[in-house]
Amino acid sequence: MANYICNPKNWYSLSLSLLFVALLAVLPGCGKSSRGGTNEIAIGVVLPITGREAKPGQYQREGIELAIHQINQGGGIFVKELGKKLPVKEVFYDDGSDQAKSAGLVERAMSADNVVAVLGGYSTALGEAESVMPDRYQTPWITTGAAATTIFSHGYQYIFGTLSPTDLLGYTTAEFLGSVVDHGKLKKGLKLALVLENTDHGVDYGRGIDKWIQEHPGYFNVAFSEKFDLGSTDFSGLLQKVKNARADIFLADAHLQDYITMHRQYMQTAMYHQMISYGARGPEADARKALGNATDYIFAGIWWSGKLPYPQVTRFAVDYQASAGHPPDSWYPATAYDAMRALAKAIESAGSLNKTAIRDQLRTVELNDSLLPGQVLRFGKNGQINTPFVIVQNKPGDKVDIVYPPDAATGETIAPKPR
């Protein structure tokens with residue numbers, strides 16, 4: 001052995017071998033002590049914590065981290081192949097609300113960090129950018145905040161989503177307004193003004209409204225429909241067109257910051273509509289703080305509400321308050337929380353950290369104590385869930401009520417909106 005080591009050629013070969021072993025121990029994905037090794041389960045999380053989508057992104061991260069905390073408090077996820085429970089480790093990246101950066105960070109998590117899955121993709125724009133990566137790296141991806149049907153229409157095999165499709169949001173919005181007509185609070189034949197974000201999300205929302213109107217002739221007519229670009233600062237020209245249309249109901253599909261900006265400018269026009277909605281936005285604390293009582297009587301179709309009468313929702317609200325230091329804001333943390341719980345259940349069912357095995361289990365997983373309306377979360381054939389929406393309406397004094405469907409309602413619909 002001594003002669004072997006003393007030989008210069010053999011010493012050079014041995015040195016290279018030792019260097020290679022050392023590199024394996026420190027490079028991502030290599031060695032048992034690395035990220036995602038057998039001592040922990042690495043989950044990538046890519047969300048906007050800065051930029052225009054920072055607030056919803058923060059709330060979604062808080063939902064994921066609460067789920068991870070609770071899983072780890074219980075000892076982690078049991079992996080049958082390894083014969084033990086492993087804790088979950090979050091590998092987090094802030095995409096800054098930027099599409100290109102978001103896609104690149106998902107790619108980095110999947111290719112370099114050895115994660116078994118990635119959660120994230122808040123908003124249609126960021127979700128669409130991220131969705132091309134999962135099949136490329138054969139790594140499951142669950143979007144916690146993107147609902148456009150285009151994301152799930154490409155035949156991708158590794159993508160999932162915990163938001164029901166946006167066309168169902170549009171359809172439910174029209175269905176709710178139809179029920180208000182049926183109860184005699186609004187008249188038939190009212191004119192709608194639609195203002196839609198210039199994304200696939202906006203297209204889906206408008207399509208859902210149109211579908212319900214076509215199926216129920218005589219209820220409503222679309223008098224105006226126009227798109228706007230995300231992040232606009234001046235909606236005065238668009239709102240003047242809305243005013244000229246003399247519609248009875250104003251329906252916009254907007255993200256949080258656009259909702260705040262647009263409604264502030266809406267109030268300056270002195271317009272009146274019998275009902276007002278900004279799609280899935282309305283009850284957010286930031287909007288009510290920025291706009292005050294100008295948000296009263298706005299209604300929204302949302303994927304979840306803390307007013308749902310389920311015991312698990314009550315527990316979640318208490319745990320979230322203790323963890324985040326504030327109550328859940330609108331629907332954002334709940335869909336992310338359930339995404340992490342569904343993933344944990346799929347990993348345990350797979351019995352291994354094999355990413356394809358986890359993907360296969362996600363296809364059949366059922367969360368029977370889901371926070372979401374209906375209390376059961378399961379992914380459809382295209383990877384997207386299809387749980388119902390709830391309609392909430394802002395009331396004076398910062399109150400919010402579920403007003404639709406009737407079996408979940410916590411208050412009556414106020415319609416038409418008081419002048």
Side-chain angles (χ1 to χ4, degrees), residues 169-197 202 205-206 208-226 228 235-236 238-254 258-260 262-284 287-288 291-302 389-406 409-419:
L169 166 61
Y171 190 93
T172 305
T173 297
E175 181 181 62
F176 159 68
L177 289 171
S179 75
V180 179
V181 171
D182 291 340
H183 282 83
K185 294 184 177 183
L186 296 175
K187 294 180 180 179
K188 274 191 174 183
L190 296 180
K191 296 184 292 184
L192 308 183
L194 305 183
V195 175
L196 311 172
E197 64 176 51
Y205 181 76
I209 291 171
D210 288 341
K211 181 182 178 183
W212 193 91
I213 291 174
Q214 290 168 13
E215 291 176 358
H216 302 81
Y219 275 80
F220 306 109
N221 299 298
V222 177
F224 176 82
S225 181
E226 191 164 312
F228 67 90
F235 295 106
S236 57
L238 177 62
L239 291 171
Q240 185 59 48
K241 292 179 183 179
V242 171
K243 190 173 186 178
N244 293 342
R246 298 184 180 278
D248 304 294
I249 295 173
F250 176 68
L251 301 177
D253 176 56
D258 295 318
Y259 156 42
I260 293 172
M262 187 182 294
H263 196 61
R264 181 180 284 119
Q265 294 173 20
Y266 174 98
M267 296 304 297
Q268 294 168 358
T269 68
M271 269 191 288
Y272 172 78
H273 291 94
Q274 295 183 38
M275 297 293 280
I276 299 174
S277 179
Y278 286 88
R281 276 78 196 180
E284 289 87 349
R288 304 202 79 169
L291 299 168
N293 61 11
T295 63
D296 288 350
Y297 310 109
I298 287 174
F299 75 91
I302 55 178
F389 285 83
V390 293
I391 302 291
V392 298
Q393 187 178 37
N394 295 344
K395 305 283 183 69
D398 283 340
K399 186 180 179 184
V400 179
D401 273 323
I402 297 176
V403 292
Y404 189 83
T410 61
E412 292 286 328
T413 303
I414 297 177
K417 185 177 82 70
R419 288 183 178 272

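- For the pair K185 and A415, the tightest heavy-atom approach, listed with the atom from each and the gap, is CB-O, 3.7 Å.
- Considering every non-hydrogen atom in both G282 and E284, the closest pair reads N-OE1, 2.7 Å.
- Residues P416 and Y272 form a side-chain contact, since some pair of their non-hydrogen atoms from C-beta on lies under 4.5 Å apart.
- At a threshold of 4.0 Å, the pair D296-K395 does not count as salt-bridged, since none of the basic side-chain nitrogens sits closer than that to a carboxylate oxygen.
- Panel note: side chain N394, backbone T295; a donor-acceptor pair is recorded below 3.5 Å.
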Derivation and outcome, side chain to side chain contact (heavy atoms under 4.5 Å, CB included), residues L251 and I249: CA-CA 7 Å; L251 301 177; I249 295 173; 3.8 Å; yes
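- Scored by the salt bridge (charged side-chain N to carboxylate O under 4.0 Å, His left out) test, K191 finds no partners at all (sequence neighbours excluded).
- The two residues E197 and F228 come nearest to each other via the heavy atoms N-CE2, 3.3 Å.
- The backbone N or O of D401 lies less than 3.5 Å from no partner atom in the side chain of T410, so there is not a single donor-acceptor pair.
- Looking at I302 and V390, their side chains come closer than 4.5 Å, going by heavy atoms from C-beta outward.
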M267 vs L291, side chain to side chain contact (heavy atoms under 4.5 Å, CB included): CA-CA, chis, key distance, verdict: CA-CA 10 Å; M267 296 304 297; L291 299 168; over 6 Å; no
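- At a threshold of 4.5 Å between non-hydrogen side-chain atoms, the residues M275 and T413 count as touching.
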Check against side chain to side chain contact (heavy atoms under 4.5 Å, CB included), M262 and V195: CA-CA 10 Å; M262 187 182 294; V195 175; 3.9 Å; yes
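- The local environment of NE2 in H183 is sparse, with at most 12 non-hydrogen atoms from other residues, nucleotides or ligands closer than 6.0 Å.
- Remark: side-chain polar atoms of R288 are not paired, donor with acceptor, to backbone N or O of A294 under 3.5 angstrom.
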Step-by-step ring pair (Phe, Tyr, Trp, His ring centres under 6.0 Å) determination, Y266 to F235: CA-CA 8 Å; Y266 174 98; F235 295 106; over 10 Å; no
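- For N244 and Q240, the side-chain atoms include at least one donor-acceptor pair closer than 3.5 Å.
- Y278 and Y259 have tilted rings, their planes meeting at an angle from 30° to 60° on a 0 to 90° scale.
- Legend: side chain to side chain donor-acceptor pair (under 3.5 Å) pairs involving residues 169-181, not counting sequence neighbours, sorted by first then second residue: Y171-E215, E175-Y404.
- Between the side chains of Y219 and D182, at least one donor-acceptor pair of N or O atoms lies under 3.5 Å.
- I213 has its side chain within reach of L192: a pair of non-hydrogen atoms, C-beta onward, lies under 4.5 Å apart.
- Among all heavy-atom pairs drawn from L196 and G202, the shortest one is CD1-O, 3.7 Å.
- In this structure the side chain of P405 never reaches within 4.5 angstrom of the side chain of F389, judged on heavy atoms.
- D248 places a side-chain heavy atom less than 4.5 Å from the side chain of Q274.
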Verdict with reasoning, V400 to Q393, per side chain to side chain contact (heavy atoms under 4.5 Å, CB included): CA-CA 6 Å; V400 179; Q393 187 178 37; over 6 Å; no
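- The heavy-atom pair separating S277 from Y205 by the smallest distance is OG-OH, 4.3 Å.
- Taking a 6.0 Å sphere around CD of E226, one finds it holds more than 12 heavy atoms contributed by other residues, nucleotides or ligands.
- To the nearest 0.5 angstrom, I414 atom CD1 is 9.5 Å from E412 atom CD.
- Annotation for K417 and I276: closest pair CE-CD1, 3.6 Å, computed over non-hydrogen atoms.
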